[in-house]
Amino acid sequence: MFSTKIHRRGFLAAGVSAGMGACSTLDAFSTSIAPKIRQHSPKVKSVIWLFMNGGPSSVDLFDPKPTLDKWDGKKFPGKIETLFPHPGPIMRSPFRFKKHGESGQSVSECFPNIAKQVDKLTFLKSCFADSHNHTPACYMVNSGVTKAGSPCLGSWISYGLSPKGSELPGFVIMHDQKSAPEGGANLWASAYLPGEYQGLPFRSSSQPILYLNRSQKISRKCQAAQLKMLDSLNRKHQDKFPHPEFASRQQSFEVASNLQASLPQIADLGNETAETHRLYGLDQETTQPFGRQLLSARKLVENGVPMIQIYHGGWKSNWDNHSALEEQHRDLCASSDRPIAGLLTDLHRRGLLEETLVIWGGEFGRTPTSQDRNGRDHNPFGFTMWMAGGGLKKGISYGETDDFGYHAVENRVSIHDLHATILHLLGLNHEELTFRYGGREQSLVSGLGDVVTDILA
């Protein structure tokens, strides 16, 4: 006699292995994790994405429209599509604009420090997206689709650059200290890519990664022995029941163990000079939270992390100013202006800006019409983003919106175009960087976008 009992996991694993081995749909479970190599020399090594969560108003910050002054208080001349019904009349910007730098780029009075950096910036004034609502729009900007379930840009970058053996993760995210953005962890998920390529939440505090520190009751030697035994057990299970999650789990243990040794020095902002603290605004209550995150980002870039994404504004307090736009945009600019300018200055003087791509922007812009008398509704049809760093023409504006700042009309830049351009600057071909899943080669851009070659140096 012998036992016919089999545990559920074993039954499922055996059934899948046997059944799928006889049919072509095995490709759906294919998990080859060797990415395509770089197709050309990279212009930059790292990306720092400053995500202005909620949708900053381009016509009030970087894309002034004199037509709004002329039409202030009048009905929009044509059809306008908004998230909320009954849009108000056209609203002029409450802010003054001035031209700055040798390039003569226009910047709102709300960003006096960023205004001094315009000759380093490349403005994309004709971006457009596919959704009026925050969560799907955030998914779109991060992954190229409006719903959860696809790997985000950071995961593709981490996968494509394959920082194997690195003591640090390939993709780090930081969100607002008050709350995470709408969409939550799905915004930095690796989806069908192996789990080690998902974003690692990082806090600019004495404990930047939760549950990382070794318990004082366990010695380093004891922990090493435990990890060795755990690795052995996982490998035996992986040999019997192959699944990519086990490999990702083993990889996470290795990264965590390495981080225990390398992270304290990176997380310690006290070893920076007082001048550097002032540069990032760590000496002021208003700018300190975002300033600490950006200074941490610079240290992560110095240590070879390829992708850092930082959300300014969470779910509860962000750039989504349907009312009181003047007051709220002033506050948000005040908390971010000095840290952003400090980051650009610091990267430049350390020789890091030419090998780093800094991106600023949100999930969409805002309408030329008013809402609740002194706010603006969502506008995905035309908005501004800017970039700075290696491989770009500096001090230029690319593309235009119409006279009202509503629609992108010239040299339009889709989110897929933006993604293709970012990958290109990192030395990755958006058509060649693929992962086999669901029976076909998946990619970030999926043939829907092209590199914006006109902005490349």
Side-chain angles (χ1 to χ4, degrees), residues 47-56 58 81-84 124 127-160 170-176 179-195 197-201 307-320 322 359-366 377-385 387 408 412-423 430 433-435 437-438 440 442-449:
V47 175
I48 300 175
W49 187 310
L50 309 177
F51 197 110
M52 303 295 109
N53 185 49
S58 303
E81 187 177 343
T82 57
L83 180 68
F84 292 94
L124 302 176
C127 297
F128 65 96
D130 292 349
S131 177
H132 273 97
N133 215 343
H134 293 291
T135 299
C138 285
Y139 288 151
M140 181 69 196
V141 174
N142 277 283
S143 68
V145 294
T146 56
K147 57 186 178 181
S150 296
C152 64
L153 171 69
S155 293
W156 279 109
I157 289 173
S158 180
Y159 163 71
F171 176 24
V172 169
I173 75 102
M174 304 180 214
H175 59 68
D176 192 278
S179 63
E182 290 186 65
N186 284 323
L187 296 177
W188 49 88
S190 58
Y192 52 74
L193 290 179
Y197 300 117
Q198 67 185 327
L200 177 67
M307 177 68 183
I308 302 113
Q309 189 174 41
I310 307 173
Y311 291 84
H312 183 257
W315 176 67
K316 296 180 180 179
S317 176
N318 55 43
W319 294 84
D320 188 28
H322 291 271
I359 305 169
W360 181 98
E363 64 267 39
F364 41 56
R366 309 206 76 82
D377 206 340
H378 306 169
N379 177 22
F381 304 114
F383 57 97
T384 297
M385 302 180 80
M387 301 192 293
R412 302 172 79 233
V413 178
S414 71
I415 298 303
H416 297 110
D417 296 332
L418 179 67
H419 288 167
T421 304
I422 294 168
L423 293 180
H430 68 91
L433 181 64
T434 63
F435 185 88
Y437 176 79
R440 69 181 182 90
Q442 307 280 351
S443 68
L444 173 65
V445 179
S446 300
L448 300 174

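Atom set for the values below is all heavy atoms of this structure, side chains included, hydrogens, waters and symmetry mates excluded.
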How many angstroms lie between CD1 in Ile48 and CD1 in Ile308, if you round to the nearest 0.5 Å?
-> 5.0 Å

Going by atom types only, do Asn142 and Gln309 share a side-chain donor-acceptor pair under 3.5 Å?
-> yes

Okay, side chain of Ser179, backbone of Gly314: is any donor-acceptor separation there less than 3.5 Å?
-> no

Is Leu444 close to Leu433 at the side-chain level, that is, under 4.5 Å between some pair of heavy atoms?
-> no

Would you check if the side chain of Glu363 reaches a backbone N or O of Gly54 as a donor-acceptor pair within less than 3.5 Å?
-> yes

Could you tell me the separation between the CG atom of Leu200 and the CE atom of Met174, rounded to the nearest 0.5 Å?
-> 10.0 Å

Would you confirm whether Ser131, through its side chain, and Asn133, through its main-chain N or O, come within 3.5 Å as a donor-acceptor pair?
-> yes

Quick one: do Tyr159 and Ser190 satisfy side chain to side chain contact (heavy atoms under 4.5 Å, CB included)? Show the steps, please.
-> CA-CA 9 Å; Tyr159 163 71; Ser190 58; over 6 Å; no

Kindly indicate whether the side chain of Cys152, heavy atoms from C-beta on, has any atom under 4.5 Å from the side chain of Phe171.
-> yes

Evaluate the side-chain proximity of Pro181 to Asn318: yes if any heavy-atom separation is below 4.5 Å, no if none is.
-> no

Please name the pair of heavy atoms, one in Cys127 and one in Ala408, separated by the smallest distance, quoted to 0.1 Å.
-> O-CB, 4.2 Å

Is the CH2 atom of Trp49 crowded by more than 12 outside heavy atoms at less than 6.0 Å?
-> yes

Side chain to side chain contact (heavy atoms under 4.5 Å, CB included) between Asp320 and Arg366, intermediate numbers included = CA-CA 9 Å; Asp320 188 28; Arg366 309 206 76 82; 2.8 Å; yes

Which is it for Ser317 and Asp176 under the side chain to side chain contact (heavy atoms under 4.5 Å, CB included) test, yes or no, and what are the steps along the way?
-> CA-CA 9 Å; Ser317 176; Asp176 192 278; over 6 Å; no

Give the minimum heavy-atom separation between Ser443 and Thr434, together with the two atoms involved.
-> CB-CG2, 4.2 Å

Over all heavy atoms of both residues, which pair between Met387 and Leu124 is shortest? Give the atoms and the distance, please.
-> CE-CD1, 4.1 Å

Please examine the side chains of Glu182 and Leu187, heavy atoms only from C-beta on, and report whether any two atoms are closer than 4.5 Å.
-> no

Should Phe128 and Phe381 be marked as a ring-ring contact (aromatic ring centres under 6.0 Å, His included) after you check the CA-CA gap, both sets of side-chain angles, and the distance that decides it?
-> CA-CA 5 Å; Phe128 65 96; Phe381 304 114; 9.1 Å; no

Could you give the distance from CE (Met52) to CE (Met385), rounded to the nearest 0.5 Å?
-> 9.5 Å

Between Trp188 and Pro201 the two heavy atoms that sit nearest each other are NE1-CG, 4.1 Å

Please answer whether the main-chain N or O of Gly365 pairs with a side-chain N or O of Asn379 as donor and acceptor at a distance below 3.5 Å.
-> no

Parallel, tilted or perpendicular for His322 and His134, by the 30°/60° rule?
-> perpendicular

For the atom pair OG (Ser158) and OH (Tyr197), what is the distance rounded to the nearest 0.5 Å?
-> 6.5 Å

Separation between NZ of Lys147 and CG of Asn186, rounded to the nearest 0.5 Å = 13.0 Å

Is the closest side-chain heavy-atom distance between Phe435 and Trp156 below 4.5 Å?
-> yes

Measure across Tyr192 and Gly149 and return the closest heavy-atom pair with its distance rounded to 0.1 Å.
-> CD2-O, 4.1 Å

How far does OG of Ser446 sit from NE2 of His419, to the nearest 0.5 angstrom?
-> 11.0 Å

Can you tell if the side chain of Ile157 reaches within under 4.5 Å of the side chain of Ile422, non-hydrogen atoms only?
-> yes

Do the non-hydrogen side-chain atoms of Ser150 and Tyr139 ever get within less than 4.5 Å of each other?
-> no

Taking the side chain as every heavy atom from C-beta outward, state whether Leu153 and Leu423 have any pair of such atoms under 4.5 Å apart.
-> yes

Compare every heavy atom of His132 with every heavy atom of Phe364, then report the nearest pair and how far apart it is.
-> CE2-O, 3.3 Å

Chi angles and distances behind the side chain to side chain contact (heavy atoms under 4.5 Å, CB included) call for His312, Trp319 = CA-CA 9 Å; His312 183 257; Trp319 294 84; 3.1 Å; yes

